[in-house]
There are 2 protein chains.
Amino acid sequence: MPQDRTPDQSVTVALSRAIHEHKLPPGTKLGEDDLAEIYGVSRTIVRAALRTLAHEQLVQIQRNRGAFVAKPSPKEALEVFEARELLEPRTAHSAAIKATKADVDRLHRHIEREHAAMTSGDHGAALYLSGQLHVEIARIAAQDTITSFIETLIARSSLVVALYWRRESALCESHAHNSLVEAIAEGDGDKAEGLMKSHLVDLHSALDLSQSAPASRTLKQMLSGS
Amino acid sequence: MPQDRTPDQSVTVALSRAIHEHKLPPGTKLGEDDLAEIYGVSRTIVRAALRTLAHEQLVQIQRNRGAFVAKPSPKEALEVFEARELLEPRTAHSAAIKATKADVDRLHRHIEREHAAMTSGDHGAALYLSGQLHVEIARIAAQDTITSFIETLIARSSLVVALYWRRESALCESHAHNSLVEAIAEGDGDKAEGLMKSHLVDLHSALDLSQSAPASRTLKQMLSGS
DNA sequence: GAGCACAAGATTGTATCCAATATCAAGCTT
DNA sequence: AAGCTTGATATTGGATACAATCTTGTGCTC
């Protein structure tokens, strides 16, 4: 477990990351004893982590039955993207106005890491980084309240994509991310806002929300394999 | 404790309400043993409730030191209202389009209860109901994801008001709420949106975010007195 | 073979215990 | 009187034990 995080935070981060990378598909049962063994902690810690993830809506806890990776309905999927379309364009606008050279450099490096993961075949990491770029942009806007909402929405988006994504290509096209970062680098708020809006509408259009969803595998395999 | 809620949910709701009604001012220490005794549950339940409230940002947990009613900084206060100004107008617009007669009746009755509380001198209840009207409007819009964000923002707003409110009058003027509900009753989305925007700008303007904040009293007094 | 009932085992919910950390009070020094 | 140190006490963090609930497997009946 990494530095100065409490035990439950470490488990939370690990599980969140695994969900984000589609190592734990929607519907996966998250048994307390299993996780306690896998992470080498007591059930107390696991329960705290699961509760946190439930509050973030990545996990659904059913009383007396256990915790499962959340499985957003088509309605929920739609809502998540609607909420993103309401929050992210203005946030990108604000980020463009506020970005420093260091911020832009960081975004460029982030995109490089995303591409590297994609070309090396690490789809899980690419997926995670793809979503995190949106979070990084929100952080530049320096509005923590809205950023925390965006973080939640990005995380839930990874579940939505796992269930409803209809395209063969990667989640976010590199072209879209590049253009966005360019607009931010130019300090062009309106352009960044417009590009973010188009990007989200594009993502939204790649979802097939006219269906439902599949089953699961054992916990240990999913948390170790890559 | 009321019906079919788990023990920790009951404690969560009770504390949330108390915070909302300013019975527990920002900065109040929420000791686990104290709360366990007051609510007649074990520390396990209290800890779960406090964690939930921490996730909702009504409570701040400091490791090894305890839980305290959150005390938003001026920056956080500003952020909360900015986020509301981004989310609530469009939500009011949507609510106006979607509202049924039953919805409108419910809003009218809500306003009546708010007035009744105010005239009977039950300021805490009036305060709570004032904020909840915004939540009710969001519920009519039937977008659960955004509604949950608004719920969080309304709850945090009560903390902000406790710390930074500059006006002598009630939180939300009855005139503003009446107009809003009328626009919703008329199904006029643009009007509802405009009124909500003005209302929020008005609320925002009544905050003095150029200062900081006071101290506290014992837990039992605050949770029983009215 | 299908369906039902029951018991055993697994898992979750909660309480209690123990360890770790912080706070407070008392005593001492300057 | 103010400041520092030390020890006692209070409180929080985490583990473990026990109770409650659910799931699964076995045996019986039709």
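First the proteins, then the strands, lettered A, B, ... as listed; each starts at 1. Being a predicted model, the structure only gives us computed values, none of them experimental.
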Problem - Atom pair CD (A:Gln132) and CZ (A:Arg113), whose distance is rounded to the nearest 0.5 Å - result: 9.5 Å

Handout entry: Strand-adjacent residues in residues 61-68 of chain A, judged by heavy atoms under 4.0 Å from DNA chain C
Key = A:Arg63, A:Asn64, A:Arg65, A:Gly66

Problem - Side-chain-base donor-acceptor pair under 3.5 Å for A:Arg43 and D:dG14 - result: no

Exercise for the section: Return the value, rounded to whole Å, for the distance between atom CD of B:Glu37 and atom C1' of D:dA10. Expected result: 14 Å

Completion exercise
Closest non-hydrogen contact found for B:Tyr164 with B:Pro72 is OH-O, 2.7 Å

Handout entry: Test of ring centre spacing under 6.0 Å for A:His199 and A:His177
Key = yes

Practice task
Between C:dT14, C:dT12, D:dG14, spot the one nearest the side chain of A:Asp33, thanks.
Solution key: C:dT12

Problem - Nucleotide C:dA10, atom C1' - distance to CD of A:Glu32 in whole Å - result: 12 Å

Problem - Rounded distance [0.5 Å steps], CG in B:Leu86 versus OG1 in B:Thr91 - result: 9.5 Å

Practice task
For A:His115, check ring-ring contact (aromatic ring centres under 6.0 Å, His included) against everything at least two apart and list the hits.
Solution key: none

Completion exercise
To the nearest angstrom, the CG-P distance between B:Leu50 and D:dG14 comes to 15 Å

Practice task
Taking the six-membered ring for Trp and the single ring otherwise, decide whether the centroids of B:His134 and B:His110 are under 6.0 Å apart.
Solution key: no

Fill in the blank from the handout: Whole-Å distance, A:Asp8 CG to D:dG14 P, equals 6 Å

Practice task
Look at the side-chain N and O atoms of A:Lys29 and state whether any lies under 4.0 Å from the OP1 or OP2 oxygen of C:dA10.
Solution key: no

Problem - Nearest-angstrom distance from the residue atom CZ of A:Arg47 to P of C:dT12 - result: 8 Å

